[in-house]
Amino acid sequence: MKTTEVLADLRRRFPNEPEYHQAVEEVLNSIEDVYNSHPEYDRMNLIERLCIPDRIFSFRVSWVDDSGKVRNNMGYRVQHCNAIGPYKGGIRFHSSVNLSILKFLAFEQTFKNSLTTLAMGGAKGGSDFSPRGKSNMEIMRFCQAFIAELWRQLGADTDVPAGDIGVGAREVGYMYGYYKKMAREFTGAFTGKGMSFGGSLMRPEATGYGNCYFLLNMLATRGIDIAGKRVAVSGAGNVATYTMRKLMELGAKVLTMSDSGGTIVAREGLTQEQADYIFELKNVMRGRLSEVPDRFPELEYHPDCRPWQLVKCDIAMPSATQNELDADDAQALLDGGCFAVSEGANMPSTADAVHLFTKARILYAPGKAANAGGVATSGLEMAQNSQKLTWTAEEVDHKLRNIMADIHAQCVKYGQEENGYVNYVRGANIAGFKKVADAMMAQGVL
Ligand code: NDP
């Protein structure tokens, strides 16, 4: 296998899918040597079967808005690979959603889920529907219309969706409710469910907390204490706000939060009162960060700006969306003394930015390792649903910490270079790949 040839072929067969090509290129560059040391992989053309999703569903979602107007969106589910467990991956509702983005996310999810040590394959789905500005009833009608098309492809042992951008507990509740009505069974066919109908304690916290646990593991390799460290966080949704909370609990200073409108800067770190307000504003009131200075005039608001060039920080935790941190941002972070980047979002750093981080030999954790706590806890939710039991928050948190430590150890095992530097990108990709590849080999050509 030659990475350049595989990529050229994928670009020819699937043009205009830049995010998908970007994600595949990053993984193939890491695994090329390992792949080529196993000629049996190539004899079975494993690489193409691993890059191209098992199947993709795409469909029109028609729904009626509050004024009685009929609206149409596109819906998709990419079932990428179920070699090691049922398809598993979130659903994203955002106006930017297209097949390139969902194919990249499903591809990444396959390796991420493999890293968690749990039995989950990779998938992703979504729609170009934006929940912003919609009433609860409009969102319910949309979720029902979406699931009316998709429910036949889902199931606790078949394909188990969860939330992602634009899909939180409310949307999962509406989708699961309609799934249950159509399938006429109450099973763990979704994760991220409400606590009263099979959800897991700690699932909302898991991605952000898990990223902090991964960061602690990385810092420990260099004997660095997180207390007092200055951290730039982007995003202000599920992942970012729980990252903010855990960082503050650990004694770090959170300098920034952002949404699609702009960035809030707290030069000396957010106070507990400010952090609590931002949490409420974004997660409960569904407001905009531009409203924050009305309440706290001492905080700066920078419209249309991302955090990376606004502050000097020790640590960056991009937690909003893909490609939100480019080479100029990476250089500014490095010039400002940043020594660790731990990704809450999926592929938030561009390929050029990643290159700068690894060249500078800073601690850099790609999303597929650092944000895997979310899907890992979804796996724990599936286990609880199967047992018809609910574990305590302490039990789930304990398991989450262990899983993040395990993922970190796998990255070190496969990513440590002779000079001692840990290349977490390489480590995560090789560890994730090996398990999936071995399972695919054992199961024959499917
Ligand atoms: P949310 O919808 O809860 O929050 C997303 C945040 O990012 C919001 O603040 C949103 O701003 C901002 N944002 C979204 N798109 C853009 C954009 N194009 N430009 C700038 N800002 C943007 O999503 P999550 O927190 O769940 O997800 C965030 C990231 O983490 C995604 O990459 C997701 O794939 C990844 N992830 C999520 C997991 C989970 O458990 N939820 C698990 C693993 C990864 P606004 O409020 O203005 O819309």
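Below, each value reflects all heavy atoms present in this structure, side chains not excepted, and no hydrogens, waters or symmetry copies. Numbering of ligands and ligand atoms starts at 1, following listing order.
Closest of all the heavy-atom pairs between S114 and V436 is CB-CG2, 3.7 Å. The minimum heavy-atom distance between V375 and K88, with the atom names listed, is CG2-CG, 3.9 Å.
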Contacts under 3.5 angstrom, residues 167-176 side chains, donor-acceptor by atom type, not counting sequence neighbours:
unit_1, atom_1, unit_2, atom_2, d
R170, NH1, N136, OD1, 2.7
E171, OE1, G168, N, 2.8
Y176, OH, T187, N, 3.3
Y176, OH, T187, O, 2.7

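The aromatic ring centroids of H408 and Y424 lie less than 6.0 Å from each other. Ring centroid separation for the pair F142 and F129 comes in under the 6.0 Å cut-off.
Using a heavy-atom distance under 4.0 Å as the criterion, the protein contacts of ligand 1 are R92, H94, K112, R132, D164, I165, G166, R203, T207, G235, A236, G237, N238, V239, S258, D259, S260, K282, R288, S319, A320, T321, G344, A345, N346, N371.
Cation-pi geometry between K103 and F14 is satisfied (NZ or CZ under 6.0 Å from the ring centre, within 45° of the ring normal).
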